[in-house]
Structures are given as structure tokens and as C-alpha cells.
**Student:** 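Provided herewith is a single structure, encoded as C-alpha cells, for subsequent inquiry.
Indexing begins at 1, ligand by ligand and atom by atom, following the structure's order. By convention here, the first residue in the shown sequence is residue 1. Basis for what follows: all heavy atoms, side chains included, without hydrogens, waters or symmetry-related copies.
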Amino acid sequence: MKYISTRGRAPTLSFEEAMLTGLARDGGLYLPESIPQMSHADMRALEGVSYEEAAFRVMRPFIGDAFTDEEFRGIIARAYAGFGHAARAPLKQLAAGHFLLELFHGPTLAFKDFAMQLIGQMFEFSLKRSGSRVSIVGATSGDTGSAAIEAFRGLDAVDVFILYPHGRVSEVQRRQMTTPVEGNVHALAIDGHFDDAQARVKDMFNDFEFRDGVRLAGVNSINWARVLAQVVYYFTSAVSLGAPDRKVSFTVPTGNFGDVFAGYIAKRMGLPIDRLVVATNQNDILHRCLSTGDYRPDGVAPSISPSMDIQVSSNFERALFYAYGQDGGAVAQVMDELKAGGFTVSQGALEALRETFDSGRCDEDQTRAAIRNTWAASGELLCPHSAVGVHVAEAQRSPGVPMITLATAHPAKFPAAVEEASGIHPPLPERMADLYERDERVTRVANDLSAIETLIKERIAN
Ligand SMILES: *Cc1c(COP(=O)(O)O)cnc(C)c1O
């Protein structure tokens, strides 16, 4: 299996190379050259198997010869062993025909654990085999950083440095980043906003001397291996509702478009998905684009679903690649236009997107109402991101087709917003109930590239 860039001008890579590289050298994102198919018999055979076994069968055709079957099974087993639910991704019923896929039983209580835990184990295996080490550096507004730290803590071949904006993440998110005791974990609180943290990480990747010197690696949501890990739960949940002999639809709380794009891959592999609904909060650039064809960032308004507060949705480029008939030149051109302020999707490409995707928006009051109403109707306490999904899903359901809304985080990760909306204080799961008592370890850093680079070099030398 070979991987090609969405912009058509980077070398094709193996799965392992694409995973370790992240971004393609032409600025594009990697995608498989062709998409493996799951037959109806393959899908029916997923019924009743463990999540880990389903993960093996769905992902195996994509990884080529990166790992033997036995190695890959071991990687998957270690990735999901720390989840707090035997089903890993349990499906709950909210109402007639409407289901909630709970993706928040991983170690940091958000769906990002599904991909990050897997990529952690894959990195460790690959790097140990080649005898090399890397430094993972990432910027976070909260969930990605805690998931990355949790996935890489204690691994031998990796140091992990996460920059988060000082004073601007929730207390649970901060403590998840600052309380791990392992020496390879480095939480850095930068004096600035998330955009500053992200800009300094980009600067580090563009400083080639530094980049090569510390062997920088990225695990942000454009990494293909992360998308692939997320394809699995579309299959497990749909099969449990009768697929492939019955169609299902999904609604996905969306920011960077990684999670919903994984659903698109599942559909292209043969899963009978009727509609894939992109749910946005008040930062609705994707909803506007899918409605009008116009993609034009106009500033982020902070919301109570902060992990979806985006202007530039990086993985949308992958959907555009298919919508433009796999024409890398066309994708490169719209991405250049984006740098200059925005772009308009061609009529043909917009129709192609709409063949699969619907979209909807949920404002702050509607988010709070969805938390309150869902609690009253079903006893299910939603985090604000999942509430955006449920609100949008209710407007988009069609009779006879079950709707599965993805619940992307545990309510206890956003206790203030949940309590304000519902009057209920969501408790942390038992296994992390002492989070508030653990010691914190964090380094304050100035918003200054050379100071951050010096710190990283010193830490690696020790
Ligand atoms: C990251 C995140 C999202 C958005 O997912 P994308 O793959 O970026 O679209 C939604 N909800 C939560 C809780 C998240 O952490």
C-alpha cells in the first residue's frame, strides 16, 4: 500500500513513512493510493468480535508490510488496554432511531485517545526497530495535548513536548498534561494564546537545523495513522445496528474534519452510510462552505465547545481531494487561494461533497439546551461537543435510517459548562478521581522561539 499527497507533488511513501512524517513535503496530506474494500461477508463477520479484533481487520489492509500480523495485534492490544470500558466504544440509545456512540472511555476522556494511543504504540515499535529516537512537539488547546502526553508517557524512544496557552485550558485538561511523572513528558505553558503556541510549533518545523537536530515529529490530526484509527468505530457501531444489511447515518461534532473524514473512508470501503452530517458550533465555516461553496475564515469566537473552535479545518483538504476527482493540482490551487483569504469550491466538487455530507450548526444556547433536554429525556449527560452533535442530528434524521451521533468527550472534562446547562456536576470516573490531588509539573515559557528551542535541546541532552 502506497500513500500519495493531496497536492500531487510529493514522493509516494509507505504507511510507516507517512506515519512518521505527518505532513507531505509539498504541503499536502497523505492518503492511500487506493481504498481497500470490505465485502458484505467481511462486515457481517465483525459482529460479535472484540473491538481489538475489528480494529485489526479494518486497518490491516492499509498498513502494508509495516508490521507482521502478530506485531500489529500486539500494538492494538496495548493501545486499548487502558480504556475504562470493555466495549471500548459502546453504543447507547437516546431515543427511537437515535444512538450515541460513546468515544470517551479512553485515558483522557476524549475520542482522540482512540488514535493517539494507537499511534503511540506504532511509533514506539517502529523507532525501537530502527534504533532511533524522536521528539514529538505539539501545540494544543487542551484535548490533543493531553491525549498525546498520555499516549507517549514512559515510552523509551520518544520525548514529548506539548505547548499549551498558559491559563487558557480547563483545569482537567491542564492536570492531565502536568501530572504524569515520567521523565519523557514535558508540559510547557506558553505566555500567549493557542495561536501563538501553534505558530511556535510551525516555526520549529520550519527551522530545519533544529528540526533535524532533535528529530522532530508531529502527531497532529493530519497524520494519516490517526485518521485510520478512527475508521474502526464507524464499522463496529454500524454493524451492531444491522449494517451492511441496513443503512445507517452518522452525525459528527467537527473541528479539524479528521473524525468525520474517517467516516468518509469507512463509506468508501463499503460501509453503507446514508448521510454523514458535519455538526459545527457557532464557528461554522464548514457548515457555510457545505451550504454555499464559499470557504472564507473570519475569526474564531470562543465557545463552550472549545475543541471545535477552528478557522482552518486541516483535514477538509482530504475531502476536497476526492471531491475534485483526485486532482492534486486543483487542491494545491484552492489551498493557495486560502492563503490569500479564502476560496470557492467548484460546482462539480460541491455536488460531490453533498453526495455524502450534510451539515448543521448549533449556537451556544442551543448547545446548553441540548445538554439539558438530553439529560431530562434519557439520563445521558453530554459534554458540550457531543451536545452540538445531538442538536444537529435531531434536525437531520430521516425515517427508517438509524442515526448515530458521536459523543466526543466525557462530560467531566467540561464540568463548568455542563453544570451551568443542566445543574448536574459531572464526576470524574473512578480511575482518575484523584486527578485533583496529584502534583503538577510544568515549565512556563515565553512566546519566544529561540528560548523554547534551547529548552528542548537541554531537556533532550539530559
Ligand atoms: C478534537 C475534538 C473534536 C473535533 O474533532 P475533529 O476531528 O478535529 O473534527 C470534537 N470534540 C472533541 C471533544 C474533540 O476533542
**Student:** Do Arg288 and Asp294 sit within salt-bridge range, that is, some charged N less than 4.0 Å from a carboxylate O?
**Tutor:** no
**Student:** Less than 3.5 Å apart, any donor N or O on the side chain of Asn315 or Asn256 sitting next to an acceptor on the other?
**Tutor:** no
**Student:** Can a non-hydrogen atom of Phe261 be found less than 4.0 Å from any atom of ligand 1?
**Tutor:** no
**Student:** Fit a plane to each ring of Phe161 and His186, take the angle between them on a 0 to 90° scale, and name the class: parallel (under 30°), tilted (30 to 60°) or perpendicular (over 60°).
**Tutor:** parallel
**Student:** Which ligand 1 atoms are under 4.0 Å away from a heavy-atom of Gly258?
**Tutor:** 6 (P), 7 (O), 9 (O)
**Student:** Give yes if a backbone or side-chain nitrogen or oxygen of His385 is under 3.5 Å from a nitrogen or oxygen of ligand 1, and no if not.
**Tutor:** no
**Student:** Aromatic rings Tyr295 and Phe343: how do their planes relate, parallel, tilted or perpendicular, breaks at 30° and 60°?
**Tutor:** parallel
**Student:** Please state which protein non-hydrogen atom is closest to atom 15 (O) of ligand 1 and give its distance, to 0.1 Å?
**Tutor:** Lys112 NZ, 2.5 Å
**Student:** For a ring-ring contact (aromatic ring centres under 6.0 Å, His included) check, start with the C-alpha distance between Tyr322 and Tyr264, then their side-chain angles and the critical distance, and finish with the verdict.
**Tutor:** CA-CA 10 Å; Tyr322 289 112; Tyr264 176 78; 5.6 Å; yes
**Student:** Going by heavy atoms, is Ser221 under 4.0 Å from ligand 1?
**Tutor:** no
**Student:** Have a look at Thr140, Asp113, Asp259, Thr280 and point out the one with the heavy atom closest to atom 7 (O) of ligand 1.
**Tutor:** Asp259
**Student:** Numbering the atoms of ligand 1 from 1, which are under 4.0 Å from a heavy atom of Met308?
**Tutor:** 10 (C)
**Student:** Dump the intermediate steps for side chain to side chain donor-acceptor pair (under 3.5 Å) on His287 and Ser359, then the final yes or no.
**Tutor:** CA-CA 5 Å; His287 173 53; Ser359 64; 2.7 Å; yes
**Student:** Looking only at non-hydrogen atoms, which of Ala407, Pro384, Ser307, Gly255 approaches atom 9 (O) of ligand 1 most closely?
**Tutor:** Gly255
**Student:** Could you tell me, atom by atom, which parts of ligand 1 come under 4.0 Å of a heavy atom of Ala409?
**Tutor:** 13 (C)
